[in-house]
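A short worksheet on the structure shown next.
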Amino acid sequence: MDIKDRVRNKALHAKIVSAEEAATVIKPGMNIGTSGFTPSGYPKAVPLALAERIKKEHFQINLWTGASVGKELDGALAAVNGINKRLPYQTNNEVRKSLNSGGVKYCDLHLSHTAQMSRYGFLGGKVDVAIIEACAITEEGHIIPTTSMGNSASFVQSADIVIVEVNTSQPLALEGMHDVYIPLDPPHRLPIPIVKADDRIGTNYIPCGLDKITYIVPCDIRDDVRDLAAIDDDARAMSALFIDFLKKDIKAGRMPKGLLPLQSGVGSVANAVVSGFAESDFTDLEVYTEVIQDGMLDLADAGKLKSASGTSFSPSPAGLERFYKNIDTYRKIMMLRPQEIANSPEIARRIGVIAMNTAIELDIYGNVNSTHIMGTKMMNGIGGSGDFARNAYLTCFFSTSTAKNGAISSIVPMVSHVDHTEHDVDIFVTELGVADVRGLSPKERARVIIENCAHPDYKPMLMDYLERAEKATKYAQTPHILTEALSWHTRFIETGTMKKQ
């Protein structure tokens, strides 16, 4: 289909230009806000053209997105040293290398906070240029998004210049899958009127208008979605253990029979846990989350998904083909919202989500590190896990008990970086068991976590540390031997293993 068929107002045809021409409006030091959340729905042609220009002219911009994006945006700009500051989340190897070596300034943010912070100017000025991927532009000049919403609506509202990349590889059948609602900012904010996961409260387009669009750029590059790791025995064990735990909570009267809306973080472990629900006897499941991955499609195909609300479709390559093939079916039960709505703490608390996210490490008292390797090297970012962790009805973190073939214990005396405190988390799950720490004191939590979740190679070491710390501090509220608390990490750095030699 020709791009002009997707730009439904003929007056806008005069604004159709090449990616190279559109990229000329971007000046050094500008704040560039783009669509995209995970490698879905992000602009591709204009960033590639911008990267070529930066290669010749040697300047940098500040890049704001919804979350991670694909290689044509993050990767291309990082390769030419074109990013000064990046926010709020990333997963690109080149960006990660640069930010961990001082080349990129990285501002790791709660995803639900980003849009409001950008509108208020907290992030270093306003959005100068918004670059938004669309599958079509309406007669009125409004933007029909593609496979993600992210911060697109807010960036369009705030930007001086709006460039719309109309991607003809994205199916027009996406139209109608979006629910676009931009809240007013304090002191004028009203309650967000969502009381059920599938409530629709907005429009199916991003409000823009004919005059606000500066350029329209054709593109036919598909989303660079990633393969998910195969579901292994550890992931199956965690999923089975968690589903069994939920059944016990239902029996105890702490959970409705049909569960509460599910929230699942991005990545292979989270996807595997969700896939386990497709093989369970749960039905009519509701999802209120960030990312709709293959596991959600499994639920839908099994006839067990009542509705799914997110801010991005981010399946594997095979999952993307499945999604496009059955899009008419999925459209009836799935929708995408701006991330400040999809990740809204207000909504998470109101509807009572079951939050399921992944930890890099946790400590014996229940603090979680979800971002930093050995306390210093940024992996990806906090993403939306904090939005849900503090406010969910039930907050659960998943991790295998060890990493690096057993050289690292995922449970340590003290985490090397804290993203989620002991006050936020209810349940920990490893392939070995479930630790329900609700209502427990720190020393009680420590014993439950060690006993139920720690690997046998490290369990005696953890218990030895706890008991010695109790005696050394005369049974203080949260016992630590400060000279040893991070010794497991230093031992790994020095010897390649956390095990005592």
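Since the model is a prediction, treat every value here as computed from it, not as a measurement. Atom set for the values below is all heavy atoms of this structure, side chains included, hydrogens, waters and symmetry mates excluded.
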Determine whether Ile206 and Gln157 satisfy the following criterion, side-chain contact (heavy atoms from CB on, under 4.5 Å), listing intermediate values before the conclusion. CA-CA 9 Å; Ile206 297 172; Gln157 181 188 65; over 6 Å; no

Side-chain donor-acceptor pair present, Glu290, Asn343, cut-off under 3.5 Å: yes

Classify the side-chain pair Thr114/Asn151 by whether it contains a donor and acceptor separated by less than 3.5 Å. no

Is it the case that the side chains of Ser401 and Glu431 hold a donor-acceptor pair, with the cut-off being a distance below 3.5 Å and no angle test? yes

Got a donor-acceptor contact below 3.5 angstrom from the Asp74 side chain to the Thr91 backbone? no

Donor-acceptor pair, Tyr288 side chain versus Ile347 backbone, under 3.5 Å? no

Please test Asn204 against Glu175 for side-chain hydrogen bond (donor to acceptor under 3.5 Å, both in side chains), starting from the C-alpha separation and ending with a verdict. CA-CA 7 Å; Asn204 63 6; Glu175 186 170 0; 4.9 Å; no

State, with a plain yes or no, whether a side-chain heavy atom of Val166 is found less than 4.5 Å away from one of Val164. yes

Would you please test Glu133 and Lys44 for salt bridge (charged side-chain N to carboxylate O under 4.0 Å, His left out) and show each step? CA-CA 8 Å; Glu133 182 177 91; Lys44 302 157 181 87; 2.6 Å; yes

Spacing of Ile132 atom CD1 and Ile216 atom CD1 [to the nearest 0.5 Å]: 13.5 Å

Can you tell me which residue among Asn92, Asp108, Thr65 is in a side chain to side chain donor-acceptor pair (under 3.5 Å) with Arg86? Thr65

Counting C-beta onward and ignoring hydrogens, is there a side-chain heavy-atom pair between Asp419 and Ser385 closer than 4.5 Å? no

Under the criterion side-chain contact (heavy atoms from CB on, under 4.5 Å), I'd like the reasoning laid out for Ile351 against Lys196: C-alpha separation, chi angles, the key distance, then a yes or no. CA-CA 6 Å; Ile351 66 176; Lys196 302 191 308 298; 5.9 Å; no

Decide, yes or no, whether a salt bridge links Glu321 with Arg222 under the criterion of side-chain N to carboxylate O below 4.0 Å. yes

For a quick check under 3.5 Å, do Glu165 and Tyr215 share a side-chain donor-acceptor pair by atom type? no

Side-chain contact, heavy-atom cut-off 4.5 Å: Arg337 with Ile194? yes

Determine whether a donor-acceptor pair (N or O, by modelled atom type, separation under 3.5 Å) exists between the side chain of Glu72 and the backbone of Pro47. no

Which heavy atom of Ala173 sits nearest a heavy atom of Ile327, and at what distance? CB-CG2, 3.6 Å

Could you pull out all residues at least two apart from Phe122 that satisfy ring pair (Phe, Tyr, Trp, His ring centres under 6.0 Å)? Tyr120

Okay, side chain of Ser35, backbone of Gly41: is any donor-acceptor separation there less than 3.5 Å? yes

Smallest separation among heavy atoms of Thr311 and Ala342, with atom names: CB-CB, 3.8 Å

Please check if the side chain of Asp294 supplies one atom and the backbone of Ser316 the other of a donor-acceptor pair under 3.5 Å. yes

Distance-only polar pair, side chains of Thr400 and Asp234, donor-acceptor under 3.5 Å: no

Measuring from Met238:CE to Leu241:CG, what's the distance to the nearest 0.5 Å? 9.0 Å

Parallel, tilted or perpendicular for Phe282 and Phe277, by the 30°/60° rule? tilted

Is there a donor in the side chain of Thr168 and an acceptor in the side chain of Arg6, or the other way round, less than 3.5 Å apart? no

Tell me, do Ile144 and Leu174 make a side-chain contact under 4.5 Å, heavy atoms counted? no

Determine yes or no for a side-chain-to-main-chain donor-acceptor pair under 3.5 angstrom, with Tyr393 supplying the side chain and Met255 the backbone. no

Going through the checks in order, is the side-chain contact (heavy atoms from CB on, under 4.5 Å) test met by Gln90 and Leu99? CA-CA 10 Å; Gln90 59 73 43; Leu99 68 89; 3.9 Å; yes

Contact between Met296 and Thr289 at the side-chain level, heavy atoms closer than 4.5 Å - yes or no? yes

Least distance between heavy atoms, Ala45 atom then Val217 atom: CB-CG1, 4.2 Å

Within the 4.5 Å heavy-atom criterion, are Pro193 and Asp199 side-chain neighbours or not? no

Look at the side chain of Lys15 and the backbone N and O of Leu210, then say whether any donor-acceptor pair between them is shorter than 3.5 Å. yes

Report the distance from atom CD of Gln116 to atom NE2 of His110, rounding to the nearest 0.5 Å. 13.5 Å

So, are Glu20 and Lys56 salt-bridged, with charged N and O less than 4.0 Å apart? no

Are the side chain of Ser98 and the backbone N or O of Val95 linked by a donor-acceptor pair below 3.5 Å? no

Enter the distance from Asp387:CG to Glu340:CD here, rounded to the nearest 0.5 Å. 11.0 Å

Please determine whether a side-chain nitrogen of the Lys or Arg among Asp244 and Lys247 lies less than 4.0 Å from a carboxylate oxygen of the Asp or Glu. no

So, taking the atom named CZ in Phe398 and the one named OG in Ser264, what distance separates them when rounded to the nearest 0.5 Å? 8.0 Å

Between Gly66 and Phe37, the two heavy atoms sitting closest are C-CD1, 3.8 Å

Supply the atom-to-atom distance Ile61 CD1 to Leu77 CG, rounded to the nearest 0.5 angstrom. 5.5 Å

Taking atom CZ as the centre, does Arg390 end up with more than 12 heavy-atom neighbours from other residues, nucleotides or ligands that are less than 6.0 angstrom away? no

Taking it one step at a time, do Ile231 and Ser275 satisfy side-chain contact (heavy atoms from CB on, under 4.5 Å)? CA-CA 9 Å; Ile231 300 176; Ser275 291; 3.9 Å; yes

In chain order, what residues pass the salt bridge (charged side-chain N to carboxylate O under 4.0 Å, His left out) check against Lys55, with sequence neighbours excluded? Glu52

Please name the pair of heavy atoms, one in Ser154 and one in Arg119, separated by the smallest distance, quoted to 0.1 Å. OG-NH1, 2.9 Å

Is any side-chain N of the basic residue among Asp284 and Lys257 closer than 4.0 Å to the acidic one's carboxylate O? no

Please confirm whether the ring centroid of Phe313 lies under 6.0 Å from the ring centroid of Tyr330. no

Side-chain (His372) to main-chain (Lys377) donor-acceptor, under 3.5 angstrom: no

What are the two closest non-hydrogen atoms of Ala389 and Thr395, and how far apart are they? O-OG1, 2.7 Å

Would you say Lys306 has more than 12 foreign heavy atoms packed within less than 6.0 Å of its NZ? no

Donor-acceptor pair, Asn9 side chain versus Glu140 backbone, under 3.5 Å? no

Short N-O contact, Asp128 and Lys27, less than 4.0 angstrom: no

Within the structure provided, determine whether Asn93 and Arg96 are in side-chain contact (heavy-atom separation under 4.5 Å). yes

Quick check: do Lys85 and Leu123 have side-chain heavy atoms less than 4.5 Å from each other? no

